[in-house]
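This report refers to the structure that appears directly beneath it.
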Amino acid sequence: MKRHAPAALRNREPILSVLAELLVVPEGRRPLLLEIASGSGEHVVHFARALPDWDLQPSDADPAARASVDAHRAEAGLANVRSPVALDAREDSWPVARADAVVCINMIHIAPWSACVGLGRGAARVLPPGGLLVLYGPFRFDGAFTAPSNEAFDASLRARDPEWGVRDLSDVTAIFAERGFSRTRIVEMPANNHVVVFQRG
């Protein structure tokens with residue numbers, strides 16, 4: 001039931017370092033960080049330990065992933081991690097009405113392009129003006145891969161499913177701009193990945 005993702009163990013601390021810098025606690029209330037496609041649940045538990053002033057809402061479309069999140073959540077015993085909800089980014093309605101920030105790690109390249117489109121649409125619904133949408137993963141920049149390993153990864157993804165693949169950041173930025181987001185920051189990360197930050201206008 002409890003899953004383990006080696007990549008999560010490698011990248012959780014670098015991602016957390018960026019989140020800790022970005023996320024500001026508003027006065028007078030506890031803010032909510034919504035994670036889209038929580039996968040094993042290792043990220044959300046790690047972030048929750050380091051962000052005690054935030055409530056974290058994990059989500060995933062896969063029931064097995066949600067079971068894994070619940071198992072990690074139970075083991076950690078953290079009061080600020082909510083029970084995972086069933087959420088498909090492509091749906092027109094999400095089970096979370098409002099969040100102060102949204103994070104999505106390693107999802108848009110292992111999903112149809114419609115999931116990225118839906119992510120922008122849904123994040124625009126739940127985030128207030130000024131709210132942050134934070135992406136992590138591999139990207140192409142103006143059609144170019146950042147490393148041969150990313151090009152090989154893209155080929156392997158497309159061989160598994162033609163609708164998958166490493167996305168071009170300009171395409172992602174354009175889709176999110178249609179929903180009122182501006183790209184505010186790009187952070188180089190280990191293993192040729194990037195954190196990309198978008199802010200709702």
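No donor-acceptor distance shorter than 3.5 angstrom exists from the side chain of Arg90 to the backbone of Gly118, with no hydrogens or angles considered. The backbone N or O of Leu32 lies less than 3.5 Å from no partner atom in the side chain of Gln57, so there is not a single donor-acceptor pair. Under a 3.5 Å cut-off, the side chain of Arg167 and the backbone N or O of Ile108 do form a donor-acceptor pair. Put simply, the side chain of His72 never gets that close to the backbone of His4: no donor and acceptor are under 3.5 Å apart. Proximity of a side-chain donor or acceptor of Arg158 to a complementary backbone N or O of Trp164 within less than 3.5 Å is detected. A donor-acceptor pair under 3.5 Å is absent between the side-chain atoms of Arg183 and the main chain of Ser170, judged by distance alone. No donor-acceptor pair under 3.5 Å is formed between the side chain of Asp55 and the backbone N or O of Arg30. No side-chain donor-acceptor contact under 3.5 Å links Ser38 to the backbone of Pro58. Checked by atom type and distance alone, the side chain of Arg140 pairs as donor or acceptor with a backbone atom of Val166 at under 3.5 Å.
Taking CG of Asn150 as the reference point, atom NE2 of His109 lies at 9.0 Å (rounded to 0.5 Å). Here Ser68 contributes atom OG and Arg73 contributes atom CZ; the two are 13.0 Å apart, rounded to the nearest 0.5 Å. Rounding to the nearest 0.5 Å gives a distance of 5.0 Å between CG of Leu16 and NE2 of His46. Rounding to the nearest 0.5 Å places CG of Asp161 at 11.0 Å from CD1 of Ile110. Residue Leu87 holds its CG atom at 9.0 Å from OG of Ser93, rounded to the nearest 0.5 Å. Between atom CG of residue Leu22 and atom OG of residue Ser17 there is a gap of 9.5 Å, rounded to the nearest 0.5 Å.
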Would Met189 and Ile15 satisfy side-chain contact (heavy atoms from CB on, under 4.5 Å), going step by step from the backbone distance to the final call? CA-CA 8 Å; Met189 303 293 277; Ile15 297 171; 4.0 Å; yes
With side-chain contact (heavy atoms from CB on, under 4.5 Å) as the criterion, how do Ser59 and Val96 come out once you've worked through the C-alpha distance, each side chain's angles and the decisive distance to 0.1 Å? CA-CA 10 Å; Ser59 72; Val96 177; over 6 Å; no
Determine whether Arg29 and Asp100 satisfy the following criterion, side-chain contact (heavy atoms from CB on, under 4.5 Å), listing intermediate values before the conclusion. CA-CA 11 Å; Arg29 63 180 179 84; Asp100 294 278; 2.7 Å; yes
Take Ile105 and Glu35, measure what side-chain contact (heavy atoms from CB on, under 4.5 Å) needs, and give me the verdict at the end. CA-CA 8 Å; Ile105 298 168; Glu35 184 184 28; 3.9 Å; yes
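One finds a salt bridge joining Arg121 and Asp92 here, because a Lys/Arg side-chain nitrogen approaches an Asp/Glu carboxylate oxygen to under 4.0 Å. Salt bridge Arg12/Glu42: absent, no basic N to carboxylate O contact under 4.0 Å.
Nearest heavy atom pair, residue Gly137 against residue Asn106, reads CA-OD1, 3.5 Å. What you find for Trp94 and Val126 is that their closest heavy atoms are CE3-CG1, 4.0 Å. The shortest heavy-atom contact between Pro95 and Ala86 is CG-O, 3.3 Å. Here the closest heavy-atom approach between residue Thr146 and residue His194 is recorded as CG2-CE1, 4.0 Å. Between Leu78 and Ala48, the shortest heavy-atom contact is CD1-CB, 3.9 Å. When all heavy atoms of Gly130 and Gln199 are compared, the closest pair comes out as O-NE2, 3.0 Å.
Under the 4.5 Å side-chain criterion, counting only non-hydrogen atoms from C-beta, Phe181 is not in contact with Ile175. When side chains are defined from C-beta on, Leu19 does not count as touching Trp54, because their heavy atoms never get closer than 4.5 Å. Side-chain atoms of Ser83 and Asp70, non-hydrogen and from C-beta on, do get closer than 4.5 Å to each other. The shortest distance between side-chain heavy atoms of Asp60 and Val69 does not fall below 4.5 Å. Side chains of Phe198 and Thr173 form a contact here, defined as non-hydrogen atoms less than 4.5 Å apart. Put simply, the side chain of Val18 does not reach to within 4.5 Å of the side chain of Tyr136, judged on heavy atoms. Between Asn11 and His43 the shortest side-chain heavy-atom distance falls below 4.5 Å. Inter-residue side-chain proximity for Arg200 and Leu133 is flagged as unmet; no heavy-atom pair is nearer than 4.5 Å.
Leu34 and Val196 fall within the same hydrophobic cluster, where Ile, Leu, Val, Met, Phe, Trp and Tyr residues are linked whenever their side-chain heavy atoms come under 4.5 Å apart, directly or through other members. Cluster membership check: Val25 shares its hydrophobic cluster with Leu51, using side-chain heavy-atom separations under 4.5 Å among Ile, Leu, Val, Met, Phe, Trp and Tyr. Taken together through direct or relayed side-chain contacts under 4.5 Å among Ile, Leu, Val, Met, Phe, Trp and Tyr, Val187 and Leu169 form parts of separate hydrophobic clusters. Linking ILVMFWY side-chain heavy atoms closer than 4.5 Å, directly or via other members, places Trp113 and Phe141 in a single hydrophobic cluster. Val172 and Val195 fall into different hydrophobic clusters, defined by Ile, Leu, Val, Met, Phe, Trp and Tyr side-chain heavy atoms under 4.5 Å apart, directly or through other members.
Of the candidates Leu33, Val103, Val102, Leu23, Val134 forms a side-chain contact (heavy atoms from CB on, under 4.5 Å) with just one, namely Val103.
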